[in-house]
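Please read the structure below before turning to the comments.
Whatever order the structure lists ligands and atoms in, that order sets their numbers, starting from 1.
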Amino acid sequence: MDISIPNLGDIDDVEVIELCAAVGDTLEVDDPIIVIESDKASMEIPAPVAGVLESLQVVIGDRVAEGHVIAIIQARSAEQPQPEKETEEETEAETKPQEDSQDLEVLVPDIGDAKDVVVIEVAVQVGDEIAVDDLLVVLESDKASMEIAAEYAGTVLAVAVSEGAEVEQGTLIATLKVAMPEVAGGDASEVVQPQAEVSAPQPDLSPPASQPDQPVTPEVEVAAAAKVYAGPAVRRLARELGVQLVGIKGTGNRNRITKDDVKTHVKAHMQGQASGAAGTGGLPAVAVVDYARFGPVETIDLTRIQQRGADNLHRSWVNLPHVTQHDEADISDLEDFRQSLKAEAERKGVKVTPLAFLIKACCHALAEHPNLNASLHEDRQHLVVKHYINIGVAVDTPEGLVVPVIKDADKKNIWQLSAEIADLSEKARIKKLAIDDLQGGTFSISSLGALGGTGFTPIVNAPEVAILGVSKLQTKPVWDGSAFQPRKVLPLSLSYDHRVINGADGGRFMVFLTAILSDIRRLAL
Ligand code: CAO
């Protein structure tokens, strides 16, 4: 039986925006087949009869009008008893080839803190046949660019972004019809359809199993987002509210996410904000002034890095109660040792500055004081202590402040740290940092020593809980018990999140750190 678009009143041209059933599905009367959308409303086209969907005559993006055949259903006769679900599944498996394609939404994966990432290239168009790893889009943040490639081979059904569009994690990039492997064992009824409201069992879209303690990779995030079991209306609501469906607990049939689930999730988030768990809000605004009334002015565009950096600093400043503790380290011996390394450093082609020693010393101090290598859990009832030490280093670039991260800094020697500081700061300055270079920091250092200053209050790079500010090394008279000696003294400023670190913790950390810097033989302990 041909299924056609019904009379749509005064609307004569609408777009197919969702496919709710796949060829081979058994449909009951009123089960949705597709969703169409005009500029006024969207509506589902339901099955007028029960039966098996023999063919779909449209793809997402097609424009249709009244009378357009969208599908063919092999109707079940009235005498034919409605098959039991399990029997139906068994019969299908025996008599028909397994359904071998599936619609898959490709979403922007985890891109760290990056917001308002811009699509700078769209490499596919509707109808393209693509292979695994074929480029879909190229994104660019203020810090790096990133290619999003296809995880499955298939056909592009719809492209949801265009060049210049701003996206963030979870934004829909494209919908693919992908060739899927046959279901092998398992309870197929628990497997979900990525984007359609269908009740028939679906092939497994799970990515290959990963180790439970492996970090979630962008690839896994993409597959996880696609696996969400929710209908088109719920997905649309989630998109409108800017909510990620991944992670929302579905209370509907077979754990399907309902509109109420989305609303409950949003409500819980808002209540969390109101109770101060995240964000602040309600701050009095700074007065808007017409500066030109008082003299000539010039308005200059801020770079994207400056804008995002300002947001991050503001977020940290208003959410974290900051305390800054100042101290001084006598690094005369360290400086003598560093100077003695100059010839060797030149041969190795690296420049050794005090910063490499500071990173090394901080790693020792963090291992000894793990509370500073931690983050406050969002429930504010737990502390997440990290068993790895990744040091973020603030780098001043023409575009603004960037904080690349030296991973596993505690496992690297002074030569390796020096080389990595040079490499990451150069990449930061020429905008060649990868997203990964900017993620995973556990503690940060902001060194203004080369510029000057006797102390400052750095802002914690939240959700880290502490940051070390470094000012200019000075030669000062230091009393040795019988006379003043000229010593090289390094001013240090530790800012910390007072919800996690109390004054005594901060004090102990600084005493330990300055002791190491004053006698670097302690680095060997
Ligand atoms: N006191 C005195 N001199 C110092 C010093 C200190 N605390 N730290 C470094 N120096 C010296 C170095 O030894 C080097 O001298 P030589 O050229 O004679 O060897 C010189 O200053 C320049 O150092 P550098 O800046 O090239 O290297 P670095 O390892 O000290 O720092 C980096 C690297 C990337 C951190 C730095 O270039 C930078 O960008 N700093 C700015 C960070 C910033 O803006 N923080 C503010 C964040 S809050 O807005």
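Across the listed options A450, P404, A422, G400, A450 owns the non-hydrogen atom lying nearest to atom 23 (O) of ligand 1. Closest heavy-atom approach to atom 44 (O) of ligand 1 among the candidates D396, L313, V470: D396. Among K351, K472, K488, the residue whose heavy atom sits closest to atom 19 (O) of ligand 1 is K351. Nearest residue to atom 47 (C) of ligand 1 from G469, S446, P491 is S446 (criterion: closest heavy atom).
Considering only non-hydrogen protein atoms, atom 3 (N) of ligand 1 sits nearest to G449 O, 3.8 Å. With hydrogens left out, the protein atom closest to atom 28 (P) of ligand 1 is T353 OG1, 3.6 Å, a heavy atom. Protein heavy atom closest to atom 42 (C) of ligand 1, with residue, atom name and distance, is A394 O, 3.3 Å. Counting only heavy atoms of the protein, atom 1 (N) of ligand 1 lies nearest to L473 N, 2.9 Å. When only non-hydrogen protein atoms are considered, atom 7 (N) of ligand 1 lies nearest to S471 O, 3.0 Å. Here the heavy atom of the protein found nearest to atom 41 (C) of ligand 1 is S447 O, 3.4 Å. Closest protein heavy atom to atom 43 (C) of ligand 1: L448 CD2, 3.6 Å.
Using a 4.0 Å cut-off between heavy atoms, R429 contacts ligand 1 through its side chain alone, with no backbone atom that close. Contacts between L355 and ligand 1, counted as non-hydrogen atom pairs separated by less than 4.0 Å, involve the side chain only. Contact annotation: for P458 versus ligand 1, there are no heavy atoms closer than 4.0 Å. Only the side chain of L401 comes within 4.0 Å of ligand 1, counting heavy atoms alone; its backbone N, CA, C and O stay farther away. Residue contacts with ligand 1, taken as heavy atom pairs separated by less than 4.0 Å, do not involve I459 at all.
Taking a distance limit of 4.0 Å, we find that atom 39 (O) of ligand 1 is approached by some protein heavy atom. There is no protein heavy atom closer than 4.0 angstrom to atom 15 (O) of ligand 1.
With salt bridges taken as basic N to acidic carboxylate O contacts below 4.0 Å, one links R338 and E335. Under a 4.0 Å N-O distance rule, the pair D311/R315 does not qualify as a salt bridge. Between K407 and D437 there is no salt bridge, since no side-chain nitrogen of the basic residue lies less than 4.0 Å from a carboxylate oxygen of the acidic one. Looking at R304 and E399, no side-chain N of the basic residue comes within less than 4.0 Å of a carboxylate O on the acidic one, giving no salt bridge.
A donor-acceptor contact shorter than 3.5 Å links the side chain of N373 to the backbone of Y388. A donor-acceptor pair under 3.5 Å links the side-chain atoms of E464 to the main chain of S444, judged by distance alone. A distance-only check finds no donor-acceptor pair linking the side chain of T175 to the backbone of L157 [under 3.5 Å]. Panel note: side chain S495, backbone T457; no donor-acceptor pair is recorded below 3.5 Å.
Checked against a 3.5 angstrom limit, the closest N/O atoms of V395 and ligand 1 fall outside it. In terms of polar-atom proximity, K342 is not counted as a contact of ligand 1, lacking any N or O under 3.5 Å from an N or O of the ligand.
For P354, the closest heavy-atom approach to ligand 1 falls below 4.0 Å. Distances shorter than 4.0 angstrom do not occur between any heavy atom of A428 and any atom of ligand 1.
Using bins of under 30°, 30° to 60° and over 60° for the plane-to-plane angle, the ring pair F512/H369 lands in the perpendicular bin.
Atom CG of D379 is surrounded by more than 12 heavy atoms from other residues, nucleotides or ligands within 6.0 Å. Counting non-hydrogen atoms of neighbouring residues, nucleotides and ligands closer than 6.0 angstrom, the CD atom of Q339 exceeds 12 such neighbours. Applying the 6.0 Å contact sphere to NE2 of H382 captures no more than 12 heavy atoms from other residues, nucleotides or ligands.
Close approach of ligand 1 to S425 (heavy-atom distance below 4.0 Å) involves ligand atoms 34 (C). Below 4.0 Å from some heavy atom of L490 lie the following atoms of ligand 1, by number and element: 7 (N).
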Output a table of donor-acceptor pairs, distance under 3.5 Å, between side-chain atoms of residues 287-294 and any protein atom two or more places apart or on a different chain; print 'none' if there are none.
from: D290; atom 1: OD1; to: A292; atom 2: N; distance (Å): 3.3

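The side-chain contact (heavy atoms from CB on, under 4.5 Å) with Y152 is formed by just one residue from the set I130, L176, L104; it is L104.
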